[in-house]
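Order of the sequence lines sets the chain letters (A, B, ...), proteins ahead of strands, with each chain counted from 1.
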Protein chains: 2
Amino acid sequence: MTSRTAPDPARRSERSRAAVLTAATELVAEVGYGKLTIEAIAARAGVGKQTIYRWWPSKGAVVFDAFLVAGRHEGGLALPDTGNLATDLRTVLRAGSDELADPSADRTYRALSAEILNDPALHAEYRTRLLDPLLEVTRDRLRSAREAGQIAPDTDLDLAVELVYGPLHYRWQYRLGPLSHAHADRLVDAALCALNPPTADGGSGA
Amino acid sequence: MTSRTAPDPARRSERSRAAVLTAATELVAEVGYGKLTIEAIAARAGVGKQTIYRWWPSKGAVVFDAFLVAGRHEGGLALPDTGNLATDLRTVLRAGSDELADPSADRTYRALSAEILNDPALHAEYRTRLLDPLLEVTRDRLRSAREAGQIAPDTDLDLAVELVYGPLHYRWQYRLGPLSHAHADRLVDAALCALNPPTADGGSGA
DNA sequence: CGACTAAGACGAGACGTACCGTCTCGCGAC
DNA sequence: GTCGCGAGACGGTACGTCTCGTCTTAGTCG
């Protein structure tokens, strides 16, 4: 009795699934997440409401799935490794800034962030499918930099990822200022400065 | 025609205002923000629904007002200034960690954060009444530290506050780990390391 | 200075609307 | 034959607006 006569995924209609996610993507762009309703998604997709309730636990879950399908955010997730940590982190934070600076993506991220804040199940899904993989590859990259002596040998990688992503996320969430490449670069410089070994013999040229 | 025959604030009933905020505080603690309804607030407060709709634009605005009244978050906002920046920042981040670690406060913050993410008006009110004052006094403290030579003379104060608060906020929002005093201290150390002048003559003992 | 009057905020709740989540149908595919 | 499907009816809940009659207050006049 996991959840009231669980449906059989093998018999799930791929046609319906795709139609729902497409409709959700279109509608969230047209009316915004707040005014998005399950009934409107079902009507647009030409699907019974029960079909949505059968396969998704919440409106947030539908939109999150649609978000994953729309962009190819899942899967091929990897940080560049040119050997220069500063260069690689700049690449990542610049790309992140660009994505968050796009008004359409910005709205979607805010809606999903809001849901994730209050919905533990959605938070868990976000962690396992997006955030944790991102943090993992970031830690991997920092670990190789640590072994290369580019950052302090006793660096705490969990703390490091907070230092790298936290400030940008903070600036974005509260709209403290524009998200520019120049700003991203300065955040990287600051983070690396905090992670550098105190006796730096080879400084990363500014 | 600012907003359909604007009501006269001079004739506003203080009794009703207080009753609404009290009821909102109690109910958000009892049933949570998500299940909180305007009708329930009105009933608990012994107030007509119209009275709430007359003075507040949204459920989020009511809860935000109640939040401001409940705690004394407004007004006496100041950072300590012992002369030692590290000590003062540790005090602030430790206090922040403690507050966010409290389950009840945590729920309220998450609910308000979610609303602020999607409601521009509420975001503006949060900025002017809470966040901007906090960032302002933080910049003040950093400025005096800069003049005292404790951080680099060319420090960008806007960037600095992002470095100070961003990582903790990130860790909290995505539940990346427990919010302890030890963690707060390490964040302060990292931020100060990033802000220190490259040629430090007097290091702040770790 | 005190009483009258008009304005408007108040408590209460009815009202139509929207959407919720569940359910009940045949229908068709496996 | 089973079960997911489209369609939509259904009761429930909360929305935001509105309409009462009451009560408080500001402004005016005696």
Side-chain angles (χ1 to χ4, degrees), chain A residues 1-24 26-28 30-65 111 114-115 118-119 121-122, chain B residues 1-24 26-28 30-65 111 114-115 118-119 121-122:
Chain A
M1 198 193 294
T2 50
S3 69
R4 181 74 78 180
T5 65
D8 181 358
R11 303 187 64 169
R12 181 173 187 178
S13 163
E14 172 59 27
R15 173 191 185 81
S16 297
R17 182 185 150 275
V20 167
L21 296 181
T22 300
E26 293 174 3
L27 283 170
V28 83
E30 291 174 21
V31 304
Y33 181 84
K35 295 181 180 177
L36 181 68
T37 66
I38 298 284
E39 298 203 327
I41 297 175
R44 170 76 63 103
V47 145
K49 295 197 310 181
Q50 191 65 259
T51 299
I52 297 181
Y53 286 111
R54 184 178 298 123
W55 298 112
W56 287 276
S58 67
K59 185 178 79 168
V62 176
V63 175
F64 181 61
D65 255 18
E115 292 300 297
N118 286 310
D119 184 337
L122 201 57
Chain B
M1 197 194 293
T2 49
S3 69
R4 180 75 76 181
T5 66
D8 181 358
R11 303 189 60 173
R12 180 172 187 178
S13 163
E14 172 59 26
R15 173 191 187 81
S16 297
R17 182 185 150 276
V20 167
L21 297 181
T22 299
E26 293 173 2
L27 283 170
V28 84
E30 291 174 19
V31 304
Y33 181 84
K35 295 181 181 176
L36 182 66
T37 66
I38 298 283
E39 297 201 327
I41 297 175
R44 171 75 63 102
V47 146
K49 295 196 315 183
Q50 191 65 257
T51 300
I52 296 180
Y53 285 111
R54 184 180 297 123
W55 298 111
W56 287 276
S58 67
K59 186 177 80 169
V62 177
V63 175
F64 181 61
D65 255 18
E115 293 299 297
N118 286 311
D119 183 338
L122 201 58

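Relative to the six-membered ring of B:Trp56, B:Arg12 meets both conditions, a distance below 6.0 Å and an angle of at most 45° to the axis.
Closest non-hydrogen pair, B:Thr51 versus B:Ser16, comes out as CG2-CB, 4.2 Å. The two residues A:Ile41 and A:Ala23 come nearest to each other via the heavy atoms O-CB, 3.8 Å. Smallest separation of non-hydrogen atoms from A:Ala114 and B:Asn118: CB-ND2, 3.2 Å. The two residues B:Ala19 and B:Ala45 have their closest heavy-atom pair at O-CB, 3.5 Å.
Between A:Lys59 atom NZ and C:dG21 atom C1' the separation is 15 Å, expressed in whole Å. In this structure, the CD1 atom of A:Ile41 is 12 Å from the P atom of C:dC19, given to the nearest Å. Rounded to an integer number of Å, the gap from CD of B:Glu39 to P of C:dG16 is 16 Å.
Contacts between chain B and DNA chain D, taken as any atom within less than 4.0 angstrom of a protein heavy atom, begin and end at D:dA14 to D:dT25.
We find the CZ-OG1 distance between B:Arg17 and B:Thr22 to be 9.5 Å, quoted to the nearest 0.5 Å. Rounding to the nearest 0.5 angstrom, the gap separating the CD atom in A:Glu115 from the CZ atom in A:Phe64 is 12.0 Å. Between the CD1 atom in A:Ile38 and the CG atom in A:Leu27 there is a gap of 11.0 Å [rounded to 0.5 Å].
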Listed pairs, N/O of protein and of nucleotides 9-12 of chain C, under 3.5 Å:
from, atom 1, to, atom 2, distance (Å)
C:dA9, OP1, B:Asp8, N, 2.8
C:dC10, OP1, B:Ser13, N, 3.0
C:dC10, OP2, B:Arg54, NH1, 2.5
C:dC10, OP2, B:Trp55, NE1, 2.8
C:dC10, O3', B:Ser16, OG, 3.3
C:dG11, OP1, B:Ser16, OG, 2.9
C:dG11, OP2, B:Gly48, N, 3.4
C:dG11, OP2, B:Thr51, OG1, 2.7

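Comparing the helix axis at one end of the helix from C:dC1-D:dG30 to C:dC30-D:dG1 with that at the other, each defined from 5 consecutive pairs, gives an inter-axis angle of 20° (nearest 10°).
Within the 3.5 Å criterion, the main-chain N or O of A:Leu36 finds a donor-acceptor partner in the side chain of A:Lys59.
For A:Arg15, the CZ atom sits in a loose shell: 12 or fewer heavy atoms of surrounding residues, nucleotides or ligands are nearer than 6.0 Å.
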